[in-house]
Amino acid sequence: MKRTQAIELPAEEIEHQRAIMREFAALKERPHTYCVVTYGCQMNAHDSEKLEGMLLEMGMVKAQSREEADFVIFNTCCVRENAQRRALGNVVWLKELKKTRPELMVAVCGCMMQQPGMGEQILRQYPFVDVAFGTHNLYRFAQLMLQAVKSRRRVVEVLREEEGSIPEELPVHRSSPYHAYITIMYGCNNFCSYCIVPYVRGRERSRASSRILEEARALKADGVCEIMLLGQNVNSYGLDVEGELSFAQLLAELDKVGIERIRFMTSHPKDISDELIDVMASSSHICHALHLPVQHGNNRILQSMNRRYTREQYLSRVALLRSKVPDISLTTDLIVGYPGETEDEFEDTCSLVREVGYDSAFTFIYSPRVGTRAAEMEGQIPEEVASRRIQKLIAIQKEITHQRYAAYMGQVHHVLVEEASKRDEHQMAGKDEYNITVNFPGTADLIGQIVPVRITSSGESTLRGERIL
Ligand code: SAH
Ligand code: SF4
Ligand code: F3S
């Protein structure tokens, strides 16, 4: 069923939350410095920018280090077991710090909190955590903090999707003046059988295109030269709202705003439309770089994963993309050790990787997530087997990356200069149009500009070159 109502917070609620931020800022006894620790994907990184925006409005300033902060907040991820373990490990580390500094406040939020029973678990097992909340009530952060500080009691609030809302029009502290994230949709409807994201982020909800375009125009006016559109499955943008633009139409409109570079992630292969490929080919500002997670190269496994495309369909999309956008740089996500994966089925992933020729790939060992269908399946793969397979896959991709990068030699790439190298202040680093890091000799005044660089050599995951004057 299509939605006709906006997902954005009503104006009164925004004003209410802003008033709470001012009230918090006026308190004498409250934390004064903060540190935000972020795990997980860009979606979480952008949520952390929203948290920082609110923290600044609440009168706090960023601490010099995590150890010195009066308030530490962990924005967690739970997509794989080790992501969650890492986040919890660091939270426990603060327990010790809190013994020496009892005034220290600790909060936990993000995807991990949305798992069933997590709120109670935090209350029980992590008594040193003062505030905990989930992904659907991020906008109520200031309110929860105020409650905790005033009552001197712990506050845990995790809402279901239908009880929460999207933090629109609240302050955002953007971490870079040159590139910016724009969330275009929240949630995911795909329920890939291994994945927890639909359970912790809720159903697909698209923002109004008018708001997205407004945000892009404001960013352009602020001098931003690269935007990254975010969503778990950006290709299904707009499908949940009556009369909304399609993703391809939205891209075409954004192209007219005139921001030098537009990127987006993540695209689900099943929803890459011909129209989208045409817009990519004809636009002036959409980067010729596409992250197109394939996950696996074997049809039985793809079906069991509920990916809803076959190897052949995926390859035919890639062929069309390459024919219409010949210089396109493709990257992907791959899972090894999915339940029941045989040696031959794993080899299908290896052959697909060779066939496509990705510029790079993120490889993951399958991690069972409670509540997902795959976690209940028979034939869970032993760790040694999965780890041997992933090593092989990594080695194959490394060789392919090397070949792909070799083909870039002599070409001129356009680099958005972001920073001086940590080791050598005369070396500048930034991303080219294909989202590859390029290092070149230069000066700090180039930071924030897009400059032409001739590629001369390559490392394992970076390119090097010389600026063309
Ligand atoms: N929405 C995005 C990806 C979100 S999660 C998409 O569909 O492409 C990022 C990646 O984590 C996925 O692409 C997948 O490769 C990996 N992943 C998700 N769940 C996983 C699990 N249970 N075990 C291992 N890897 C997983
Ligand atoms: Fe997870 Fe699949 Fe949704 Fe991506 S598309 S977030 S892998 S369920
Ligand atoms: Fe992790 Fe949540 Fe992103 S589970 S990958 S932070 S959507």
Side-chain angles (χ1 to χ4, degrees), residues 37-48 51 74-87 108-115 118 134-136 138 161 181 183-205 229-237 264-272 290-297 301-302 304-309 314 330-339 341 349 353 358 360-377 380-381 383 386-387 389-390 393:
V37 185
T38 311
Y39 300 89
C41 63
Q42 280 89 349
M43 203 75 78
N44 254 21
H46 190 34
D47 279 352
S48 287
L51 283 170
F74 291 92
N75 189 5
T76 62
C77 169
C78 56
V79 75
R80 285 169 295 276
E81 180 65 34
N82 56 4
Q84 178 157 328
R85 214 176 312 123
R86 222 172 328 143
V108 180
C109 67
C111 293
M112 192 184 86
M113 287 308 305
Q114 289 297 146
Q115 295 176 102
M118 206 29 119
T135 58
H136 301 305
L138 188 81
E161 177 192 336
Y181 295 126
T183 306
I184 64 166
M185 62 189 299
Y186 297 86
C188 179
N189 288 354
N190 288 316
F191 289 93
C192 300
S193 54
Y194 50 82
C195 184
I196 200 163
V197 171
Y199 301 92
V200 294
R201 286 278 177 176
R203 293 296 67 70
E204 287 178 1
R205 284 147 291 155
L229 310 177
L230 296 179
Q232 292 298 347
N233 178 13
V234 288
N235 300 332
S236 56
Y237 170 81
F264 52 90
M265 77 183 301
T266 304
S267 292
H268 196 299
K270 77 175 164 57
D271 298 319
I272 286 260
L290 187 64
H291 188 61
L292 198 59
V294 67
Q295 314 297 357
H296 211 276
I301 300 247
L302 284 172
S304 169
M305 285 178 162
N306 193 30
R307 291 292 289 177
R308 284 173 279 175
Y309 52 81
Y314 183 92
L330 294 171
T331 53
T332 203
D333 291 347
L334 301 159
I335 295 179
V336 307
Y338 181 82
E341 182 190 64
T349 296
V353 162
Y358 295 107
S360 62
F362 293 103
T363 44
F364 305 108
I365 291 185
Y366 166 74
S367 165
R369 310 311 293 136
V370 174
T372 61
R373 273 202 292 127
E376 304 300 318
M377 288 178 187
Q380 302 284 328
I381 303 292
E383 208 175 310
S387 124
R389 287 180 187 166
I390 201 169
L393 192 57

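In listed order, ligands and their atoms are each counted from 1. All values below were derived from every heavy atom in this structure, side-chain atoms included, with hydrogens, water molecules and symmetry-related copies excluded.
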Report task. List the steps, then state whether side chain to side chain contact (heavy atoms under 4.5 Å, CB included) holds for N306 with N190. Result -> CA-CA 8 Å; N306 193 30; N190 288 316; over 6 Å; no
Report summary line: Atoms of ligand 3 under 4.0 Å from any heavy atom of R201, numbered from 1 in the order shown, are 7 (S)
Report task. For atom 3 (Fe) of ligand 3, grab the closest protein heavy atom and report residue, atom and distance to one decimal in Å. Result -> C41 SG, 2.3 Å
Query raised in the report: For ligand 2, which atoms, with element, lie under 4.0 Å from some heavy atom of R307?
Result: 2 (Fe), 7 (S)
Report summary line: Heavy-atom closest pair (P198 atom, C188 atom, distance to 0.1 Å) is CB-O, 3.6 Å
Query raised in the report: Is a donor on one side and an acceptor on the other found under 3.5 Å between the side chain of T363 and the backbone of I390?
Result: no
Requested in this report: Could you please spell out the steps behind the side chain to side chain contact (heavy atoms under 4.5 Å, CB included) verdict for V294 and Y309?
Outcome: CA-CA 9 Å; V294 67; Y309 52 81; 4.3 Å; yes
Query raised in the report: For ligand 1, is Q295 a contact, meaning one of its heavy atoms is under 4.0 Å away?
Result: yes
Report summary line: The answer for which part of M112 has a heavy atom under 4.0 Å from ligand 3 is neither
Report summary line: Within 4.0 Å of some non-hydrogen atom of R369, the atoms of ligand 1 are 22 (N)
Requested in this report: Pull out every atom of ligand 2 sitting under 4.0 Å from any heavy atom of C195, numbered as shown with elements.
Outcome: 1 (Fe), 6 (S), 7 (S), 8 (S)
Report task. Would you mind running through ligand 1 and noting each atom that sits below 4.0 Å from a heavy atom of V79? Result -> 5 (S), 18 (C), 19 (N), 20 (C), 21 (C), 22 (N)
Query raised in the report: With a 4.0 Å cut-off on heavy atoms, does R201 reach ligand 2?
Result: no
Report task. Run the numbers for me: atoms of ligand 2, each under 4.0 Å from some heavy atom of Q232, listed by number. Result -> 6 (S)
Query raised in the report: How does C111 reach ligand 3, by side chain, by backbone, by both or by neither, if only non-hydrogen atoms under 4.0 Å count?
Result: side chain
Query - Shortest protein contact, atom 1 (Fe) of ligand 3 (heavy atom only) - result: C77 SG, 2.4 Å
Query raised in the report: Got a second to check how far Y338's OH is from Q295's CD, nearest 0.5 Å?
Result: 11.0 Å
Report summary line: Of V336, L334, T266, L292, the one whose closest heavy atom lies nearest atom 6 (C) of ligand 1 is T266
Query - Test: R80 cationic atom under 6.0 Å from F364 six-membered ring centre, within 45° of axis - result: yes
Query raised in the report: To which protein heavy atom is atom 7 (S) of ligand 3 closest, and what is the distance rounded to 0.1 Å?
Result: Q232 NE2, 3.2 Å
Report summary line: In this structure, NE2 of H296 is separated from OG1 of T349 (nearest 0.5 Å) by 3.5 Å
Requested in this report: Select one of side chain, backbone, both or neither to describe which atoms of I365 lie under 4.0 Å from any atom of ligand 1, heavy atoms only.
Outcome: backbone
Requested in this report: Look only at interatomic distance and state if Y366 has a nitrogen or oxygen under 3.5 Å from any nitrogen or oxygen of ligand 1.
Outcome: no
**Report entry** Criterion side chain to side chain contact (heavy atoms under 4.5 Å, CB included) on Y194 and T372, from CA distance to verdict
**Finding:** CA-CA 6 Å; Y194 50 82; T372 61; 5.7 Å; no
Query raised in the report: What do you reckon, does D333 have a nitrogen or oxygen under 3.5 Å from a nitrogen or oxygen of ligand 1?
Result: yes
Query raised in the report: In terms of atom number and element, which parts of ligand 2 are under 4.0 angstrom from non-hydrogen atoms of F191?
Result: 8 (S)
Query raised in the report: S236 and M185: side chain to side chain contact (heavy atoms under 4.5 Å, CB included), yes or no, with the steps?
Result: CA-CA 9 Å; S236 56; M185 62 189 299; 3.9 Å; yes
Query raised in the report: Just how far is it from atom CE of M265 to atom SG of C41, taken to the nearest 0.5 Å?
Result: 8.5 Å
Requested in this report: Distance to 0.1 Å, residue and atom name: give those for the protein heavy atom nearest to atom 3 (Fe) of ligand 2.
Outcome: C188 SG, 2.3 Å
Query - For R307, atoms of ligand 1 separated by under 4.0 Å from a heavy atom - result: 7 (O)
Query raised in the report: What residue and heavy atom of the protein are closest to atom 7 (S) of ligand 2, and at what distance?
Result: Y194 OH, 3.4 Å
Query - Per atom 4 (S) of ligand 3, closest listed option by heavy atom (C78, A45, G40, G110) - result: C78
Requested in this report: Could you see which bit of P198 sits under 4.0 Å from ligand 2, with heavy atoms only: side chain, backbone, both or neither?
Outcome: side chain
Query raised in the report: Going through the checks in order, is the side-chain hydrogen bond (donor to acceptor under 3.5 Å, both in side chains) test met by D47 and N75?
Result: CA-CA 8 Å; D47 279 352; N75 189 5; 5.0 Å; no
Query raised in the report: Do Q115 and V200 have side chains that get closer than 4.5 Å, going by heavy atoms?
Result: yes
Report summary line: Nearest non-hydrogen contact to atom 25 (N) of ligand 1 from the set F362, F364, Y338, Y194 belongs to F364
Query raised in the report: Are side-chain heavy atoms of T332 and Y314 found at a separation under 4.5 Å?
Result: yes
Report task. Provide, to 0.1 Å, the distance between atom 11 (O) of ligand 1 and the closest protein heavy atom, together with that atom's residue and name. Result -> R80 NH1, 2.9 Å
**Report entry** Taking every non-hydrogen atom, the tightest pair across T76 and A87
**Finding:** CG2-CB, 3.8 Å
Query raised in the report: Backbone, side chain, both or neither: what part of Q232 comes under 4.0 angstrom of ligand 1, heavy atoms only?
Result: both
Query - Nearest-0.5 Å distance, CE of residue M113 to OG1 of residue T135 - result: 10.5 Å
Query - Shortest protein heavy-atom distance from atom 5 (S) of ligand 2, along with the residue and atom involved - result: N190 ND2, 3.4 Å
**Report entry** Spacing of C195 atom SG and M305 atom CE [to the nearest 0.5 Å]
**Finding:** 10.5 Å
Report summary line: Separation between CD (E383) and CD1 (I365), nearest 0.5 Å, reads 6.5 Å
Requested in this report: Please indicate whether any nitrogen or oxygen in H268 is less than 3.5 Å from any nitrogen or oxygen in ligand 1.
Outcome: no
Query raised in the report: Where's the contact between C192 and ligand 2, heavy-atom distance under 4.0 Å: side chain, backbone, both or neither?
Result: both
Query - Distance-only N or O hit between ligand 1 and S367, under 3.5 Å - result: yes
Report summary line: The atoms of ligand 2 lying under 4.0 Å from a heavy atom of V197, numbered in the order shown, are 6 (S)
Requested in this report: Identify, by atom number and element, the atoms of ligand 1 in contact range of I335, meaning under 4.0 Å from any of its heavy atoms.
Outcome: 14 (C), 15 (O), 25 (N), 26 (C)
Query - Minimum-distance pair of heavy atoms, taken over all atoms of M377 and S304 - result: CE-OG, 3.5 Å
Query raised in the report: Can you tell me if an N/O/S atom from H268 lies under 2.8 Å from atom 2 (Fe) of ligand 2?
Result: no
**Report entry** P269 to P293 - nearest heavy-atom pair and separation
**Finding:** CG-O, 3.2 Å
